[in-house]
Amino acid sequence: MAAQPRHLHWAIDDGTGLIGVISVKPDMGYWLAPGHHGKGIMTEAATAIVADAFAGGMSEIVSGHLIGNVPSRAILTGLGFADTHMTTATHCPSGTTVPLQRMALQAATWAARHD
């Protein structure tokens, strides 16, 4: 990643093929294949993406998680994201409206945690 210009979308490949994606456009979003959950893969990827985004001059990154998605919340809070507000979103698989916790991470907060 360091040899490439700043990107907005990344693929996660464990050597066997695509297992996940992560992006920062305009919000940070991510998905990881269920068989790869709980291994620290998304935490590692998200940490690299957040560091890259702030090194590239972003001052804030916004994201969010569906209510009840404890692993996704743990990734975001572990990175330093803080709750901002509740909203709703359309859940793509079901087409239903679901509650969504919005969160944000400031560059200054990230820098203070990683100095």
Side-chain angles (χ1 to χ4, degrees):
M1 189 168 84
Q4 301 296 319
R6 301 231 184 290
H7 293 284
L8 301 174
H9 307 282
W10 294 265
I12 302 171
D13 183 328
D14 69 349
T16 65
L18 182 71
I19 63 165
V21 293
I22 187 167
S23 67
V24 183
K25 183 186 175 186
D27 295 0
M28 185 173 84
Y30 46 87
W31 171 85
L32 188 65
H36 298 279
H37 290 186
K39 299 177 182 178
I41 295 168
M42 189 53 71
T43 297
E44 181 180 350
T47 299
I49 297 316
V50 167
D52 184 67
F54 287 139
M58 289 185 77
S59 60
E60 177 184 64
I61 301 172
V62 295
S63 191
H65 64 86
L66 297 176
I67 299 303
N69 187 337
V70 174
S72 190
R73 180 171 180 80
I75 290 168
L76 293 171
T77 57
L79 291 168
F81 280 79
D83 294 340
T84 57
H85 64 282
M86 294 285 296
T87 188
T88 59
T90 301
H91 185 248
C92 292
S94 66
T96 60
T97 301
V98 294
L100 180 70
Q101 176 64 59
R102 300 297 294 154
M103 303 177 83
L105 175 60
Q106 307 298 318
T109 302
W110 177 260
R113 294 172 60 122
H114 294 279
D115 283 344

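- With hydrophobic clusters built from ILVMFWY side chains whose heavy atoms lie under 4.5 angstrom apart, I12 shares a cluster with L79.
- Around CD of E44, the count of heavy atoms belonging to other residues, nucleotides or ligands within 6.0 Å does not exceed 12.
- Closest non-hydrogen pair, F54 versus Q106, comes out as CZ-C, 3.8 Å.
- When all heavy atoms are compared, the tightest approach of G78 to R113 is O-NH2, 2.8 Å.
- Judged by distance alone, the side chain of T88 and the main-chain N or O of T97 form no donor-acceptor pair under 3.5 Å.
- Residues A53 and I61 approach most closely at CB-CD1, 3.8 Å, considering heavy atoms.
- Interatomic distance, CG of L76 versus NE2 of H65, reported as 6.5 Å (0.5 Å rounding).
- The shortest distance between side-chain heavy atoms of L100 and I67 does not fall below 4.5 Å.
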Under the criterion side-chain contact (heavy atoms from CB on, under 4.5 Å), I'd like the reasoning laid out for F81 against T109: C-alpha separation, chi angles, the key distance, then a yes or no. CA-CA 9 Å; F81 280 79; T109 302; over 6 Å; no
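- To the nearest 0.5 Å, the span separating CE on M42 from CD1 on I22 amounts to 5.5 Å.
- Distance check: I75 CD1 to Y30 OH gives 4.5 Å after rounding to the nearest 0.5 Å.
- Counting heavy atoms from C-beta on, the side chains of R73 and D83 come closer than 4.5 Å.
- With values rounded to the nearest 0.5 angstrom, Q101 atom CD is found 11.5 Å from S72 atom OG.
- With sequence neighbours excluded, no residue satisfies salt bridge (charged side-chain N to carboxylate O under 4.0 Å, His left out) with D14.
- Checked against V24 for a side chain to side chain contact (heavy atoms under 4.5 Å, CB included), the options I49, V62, D52 give a single hit: I49.
- Heavy-atom minimum distance, H91 versus S94: ND1-OG, 2.9 Å.
- V21 belongs to a hydrophobic cluster whose other members, connected by ILVMFWY side-chain contacts under 4.5 Å either directly or through intermediates, are L18, W31.
- For the pair T84 (side chain) and R102 (backbone), a donor-acceptor distance under 3.5 Å is present.
- Residues forming a side-chain contact (heavy atoms from CB on, under 4.5 Å) with P71 (at least two apart in sequence, or on another chain): N69.
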